Amino acid sequence: MRIYMLTILLLLAAGSCLALDSSELLFHLSFEGQVRPELARGSGELSALPDLLAERLVEGIIGQGYAFAGKGSTLTYFSGEQGA
């Protein structure tokens, strides 16, 4: 009886697990030598370049990262189909 109940619970849990599809992904940014997104719904263009961009792209443990620190480090992107 316990195995039967456990099997039913596992089937119910497996039925509710969903995977993310690339059509559902809105924005992916990796910081590998640039700050342009690899995938974006809409334009994905920067609204303004951050201050000292080359110095903010730093080596991390796995790949590169972006050093957010201080004024002018915020990344702001246009979004939407028209880039607004």
Side-chain angles (χ1 to χ4, degrees):
M1 184 68 173
R2 282 186 181 175
I3 293 175
Y4 179 70
M5 294 293 284
L6 189 57
T7 303
I8 291 174
L9 286 174
L10 265 171
L11 288 174
L12 289 173
S16 65
C17 293
L18 302 173
L20 185 64
D21 186 314
S22 63
S23 67
E24 299 169 319
L25 191 61
L26 299 177
F27 197 81
H28 180 258
L29 184 64
S30 70
F31 296 118
E32 293 300 325
Q34 62 183 357
V35 290
R36 289 190 355 229
E38 294 175 6
L39 174 77
R41 285 261 169 113
S43 70
E45 295 296 321
L46 277 168
S47 62
L49 283 174
D51 298 338
L52 307 170
L53 177 60
E55 296 172 16
R56 292 186 186 281
L57 291 171
V58 295
E59 287 298 320
I61 295 173
I62 301 174
Q64 287 188 322
Y66 183 80
F68 285 97
K71 200 170 191 171
S73 67
T74 302
L75 294 173
T76 306
Y77 291 88
F78 290 115
S79 62
E81 296 301 323
Q82 305 300 324

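All of these numbers come straight from a predicted model, not from anything done at the bench.
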Residue pair Gly72 / Pro50: nearest heavy atoms and the distance that separates them: O-CB, 3.4 Å
State plainly whether one hydrophobic cluster holds both Leu49 and Leu52, where clusters connect Ile, Leu, Val, Met, Phe, Trp and Tyr through side-chain heavy atoms under 4.5 angstrom apart. no
Smallest separation among heavy atoms of Ala67 and Ser73, with atom names: O-CB, 4.3 Å
Which atom pair, heavy atoms only, marks the closest approach of Pro37 to Tyr77? CD-CE2, 3.9 Å
Report yes or no: does Ser47 contribute a side-chain atom to a donor-acceptor pair with the main-chain N or O of Thr76 at less than 3.5 Å? yes
When you group the ILVMFWY residues by side-chain heavy-atom contacts below 4.5 Å and let the links chain together, are Leu75 and Val58 in the same group? no
Donor-acceptor pair, distance only, cut-off 3.5 Å: does the side chain of Arg56 make one with the backbone of Tyr66? no
